[in-house]
Amino acid sequence: MSAQPEHTPIPSYAPAPGAPAELLARLRADRRAAQWVPAFEREWAAALEESRRSFSLGGLYAVVQDWQGRLAHAPAVDAFVASGYDDSDTVDMAELRGRRR
């Protein structure tokens, strides 16, 4: 018998050192920049402060990964909104996945 798990966990990756700056530039170029840039900067500052206290980069990586995901999925969200589908019965995803803080 093996003590190995039946599945292989998906490791989280470490973003490149320049990823936050590149991400911020992409956010500033987006049409949602007025809302997204301040939100990113708040989340980044909070994660940076937590990183200083905990000596862990995990929070910083999570902020970068979350925002990369938002940018990647923004065109699909725009298409959905433009389609006119009724989304009044949706569930808040933050409740489902648990907000990282």
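Scope of the values below: all heavy atoms of this structure, side chains included, with no hydrogens, waters or symmetry mates. As the structure is a prediction and not an experimental result, all values here were calculated from the model.
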Nearest-0.5 Å distance, CH2 of residue W36 to CZ of residue R26: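 It is 9.5 Å, given to the nearest 0.5 Å.
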query: What distance do Q65 atom CD and L23 atom CG have between them, rounded to the nearest 0.5 Å?
result: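 Between Q65 CD and L23 CG, I get 11.0 Å after rounding to 0.5 Å.
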Return the set of residues passing side chain to side chain contact (heavy atoms under 4.5 Å, CB included) with [X] (not counting sequence neighbours), or none when no residue passes.
X	result
L24	R28, V37, F40, E41
S56	S54
A39	R42, W67
P20	W44, V64

message: Going by side-chain hydrogen bond (donor to acceptor under 3.5 Å, both in side chains), name the residues that satisfy it together with E22, two or more places apart in sequence or in a different chain.
response: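 Not a single residue meets the side-chain hydrogen bond (donor to acceptor under 3.5 Å, both in side chains) criterion with E22.
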query: Which atoms form the tightest heavy-atom contact between P38 and Q35, and what is the distance?
result: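 P38 and Q35 have their closest heavy atoms at CD-O, 3.6 Å.
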- request: Determine which pairs satisfy salt bridge (Lys or Arg N to Asp or Glu O under 4.0 Å) with at least one residue from residues 72-84, sequence neighbours left out, and list them in order.
  value: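 Residue pairs passing salt bridge (Lys or Arg N to Asp or Glu O under 4.0 Å), neighbours aside: R31-D78, R32-D78.
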- prompt: Hey, are the side chains of L57 and L60 touching, using non-hydrogen atoms and a 4.5 Å cut-off?
  reply: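 Side-chain contact under 4.5 Å: yes.
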